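These notes are about the structure you will find just below.
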Protein chains: 2
Amino acid sequence: MQNTNVSAVEAEFETSPERVRRTQDSFSIGDLSKEFDITTRSIRFYEDQGLMMPERRGQTRIYTQKDRVRLKLILRGKRLGFTLAETKTLFDMYERDGSSVNQLQTMLRLIDDKKLALRQQLEDIKVVLHELTAVESGCRAELTEKTKENP
Amino acid sequence: MQNTNVSAVEAEFETSPERVRRTQDSFSIGDLSKEFDITTRSIRFYEDQGLMMPERRGQTRIYTQKDRVRLKLILRGKRLGFTLAETKTLFDMYERDGSSVNQLQTMLRLIDDKKLALRQQLEDIKVVLHELTAVESGCRAELTEKTKENP
DNA sequence: CATGAAGTTTACGTTAACGTAAAGTTTTAC
DNA sequence: GTAAAACTTTACGTTAACGTAAACTTCATG
């Protein structure tokens, strides 16, 4: 087990190509906003919501590698359909439970919920697509009729 | 062509079983809210947004069959993923163009847009489902490892 | 030393479709 | 005849995730 500080779950999210440019160990808010292509407003918002707590040098925020990984996790969570509140729950859980067994179970529950909801959405979308096609046919039929009348 | 007042598109939306109980020809807001299982607040909201303009007897709203059909169309539009604004556009169009050739073409465009967006959504959801499954596997693996350590 | 880039806080604005009082009038029922 | 049910208007609240503007400080550079 080579875990130093970053949670196993966090480590899991590390993608291999990143290891190449392991140079910096502190970042400005602008650095991160550029790297992840989000606004600084967003990053400050995440802090507002209790998802990050970077150090300060005076007023200025200083982000560590750990913070950077957190941000990465936030964004991946978003892509997976987690709300910021849900992601925060996971973070809080890890904070109180380093071993994170609890966290993993919660995550599994969350994932299960998401999968269920997504499958439902999938079905709904299919149904609506069919309905739309039906309405479309009706429209086309009516349209050819109308243009037949008024050439 | 047996169109009296209701547009051909509106007529198209009429479902057959309805014709059986063709009794009333005016309705209260409560009648409609019960029939379609929505709140009176919603109905008044649709009026606010310019989607309906029922007559009044004093202060009280009186809805005709035509209004009822409109409401039905609004709700079907919602099920099909149209915003109220989009539905309003179609209504306005019919108001100015009884023959509604224009309306039909606009509708076809709208439907096409929706279908495209839905297909995209479908793909996105599939991708996310796969990602979720992957993350889930990772969690499970890690979990069995942890519980192996601390039995 | 000025100036422009990057950082900061505070706080209101946005979107969609209603929910939820509050406070009043009208209708219906017994 | 009165009390409950149904109707009305007005208007602020909700959700999520920021956008945007104002007004300020700090820093580096030519």
Side-chain angles (χ1 to χ4, degrees), chain A residues 24 26-64 67-68 70-91 110 113-114 117 121 128, chain B residues 24 26-64 67-68 70-91 110 113-114 117 121 128:
Chain A
Q24 290 187 336
S26 92
F27 309 85
S28 75
I29 194 169
D31 291 342
L32 295 184
S33 85
K34 276 170 206 152
E35 177 173 356
F36 296 109
D37 195 32
I38 57 182
T39 66
T40 60
R41 176 70 178 90
S42 298
I43 298 178
R44 292 199 193 94
F45 181 74
Y46 300 150
E47 181 176 344
D48 239 48
Q49 302 303 299
L51 287 149
M52 308 186 74
M53 293 186 64
E55 294 164 22
R56 302 285 186 121
R57 200 180 57 200
Q59 292 277 70
T60 304
R61 284 163 242 260
I62 307 292
Y63 296 88
T64 66
D67 293 323
R68 186 174 151 280
R70 273 209 162 207
L71 183 50
K72 211 170 176 175
L73 285 173
I74 293 170
L75 298 178
R76 171 159 294 210
K78 290 196 54 170
R79 285 206 310 281
L80 295 178
F82 294 97
T83 67
L84 294 181
E86 286 170 333
T87 300
K88 176 175 159 53
T89 301
L90 292 174
F91 284 170
L110 272 179
D113 291 353
K114 287 296 163 203
Q121 257 195 64
V128 170
Chain B
Q24 289 187 337
S26 92
F27 310 84
S28 74
I29 195 169
D31 290 343
L32 295 184
S33 84
K34 276 170 206 152
E35 177 173 356
F36 296 109
D37 195 32
I38 57 181
T39 65
T40 60
R41 175 70 178 90
S42 297
I43 298 177
R44 292 198 193 93
F45 181 74
Y46 300 150
E47 181 177 343
D48 240 48
Q49 302 303 301
L51 287 149
M52 308 186 75
M53 293 186 65
E55 293 164 22
R56 302 285 186 123
R57 199 180 57 201
Q59 292 278 70
T60 305
R61 285 168 242 266
I62 307 291
Y63 296 89
T64 67
D67 293 324
R68 185 173 152 281
R70 273 209 163 207
L71 184 49
K72 211 169 177 176
L73 285 173
I74 293 170
L75 297 179
R76 171 158 296 208
K78 289 196 55 170
R79 284 206 309 282
L80 294 179
F82 293 97
T83 66
L84 294 180
E86 285 170 334
T87 300
K88 177 174 160 52
T89 301
L90 291 174
F91 284 170
L110 271 180
D113 290 352
K114 288 297 163 200
Q121 256 196 63
V128 171

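These figures come from a predicted structure and were not determined experimentally. All heavy atoms count here, side chains included; hydrogens, waters and symmetry mates do not.
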Collect all protein-nucleotide pairs involving nucleotides 4-8 of chain D in which both atoms are nitrogen or oxygen and the distance is under 3.5 Å.
unit_1, atom_1, unit_2, atom_2, d
D:dC7, OP1, B:S28, OG, 3.1
D:dC7, OP1, B:G30, N, 3.2
D:dT8, OP1, B:R61, N, 2.8
D:dT8, OP1, B:R61, NE, 3.1
D:dT8, OP2, B:R44, NE, 3.1
D:dT8, OP2, B:R44, NH2, 2.7

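A 4.5 Å side-chain heavy-atom check between A:I43 and A:Y63 finds at least one atom pair inside the cut-off. You'll find the side chain of B:I38 reaches within 4.5 Å of the side chain of B:L71, heavy atoms only. Here the side chains of A:L32 and A:E35 are in contact, with some heavy-atom distance below 4.5 Å.
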Which atom pairs, one a donor and one an acceptor, fall under 3.5 Å between side chains of residues 80-89 of chain B and the rest of the protein, sequence neighbours left out?
unit_1, atom_1, unit_2, atom_2, d
B:T83, OG1, B:A85, N, 3.4
B:T83, OG1, B:E86, N, 3.1
B:E86, OE1, B:T83, N, 2.9
B:E86, OE1, B:K114, NZ, 3.4
B:T87, OG1, B:T83, O, 3.3
B:K88, NZ, B:D92, OD1, 3.4
B:K88, NZ, B:D92, OD2, 3.1
B:T89, OG1, B:A85, O, 3.0

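In terms of position on DNA chain C, the residue among B:F82 and B:R57 whose nearest nucleotide sits closer to the 5' end is B:F82.
In terms of the side chain to side chain contact (heavy atoms under 4.5 Å, CB included) criterion, residue partners of B:T40 (sequence neighbours excluded) are, by chain and number, B:I29, B:S33, B:R44. By the side-chain hydrogen bond (donor to acceptor under 3.5 Å, both in side chains) test, A:T60 pairs with no residue at all, sequence neighbours left out.
Of all nucleotides in DNA chain C, those with any atom nearer than 4.0 Å to a heavy atom of chain B start and finish, going 5' to 3', at C:dA17 to C:dT20.
If you take CZ of B:F45 and C1' of D:dT9, they are 16 Å apart, rounded to a whole angstrom.
We find the OG1-NZ distance between A:T39 and A:K34 to be 13.5 Å, quoted to the nearest 0.5 Å.
Pairs engaging residues 48-58 of chain B under the salt bridge (charged side-chain N to carboxylate O under 4.0 Å, His left out) rule: B:E47-B:R56 [sequence neighbours left out].
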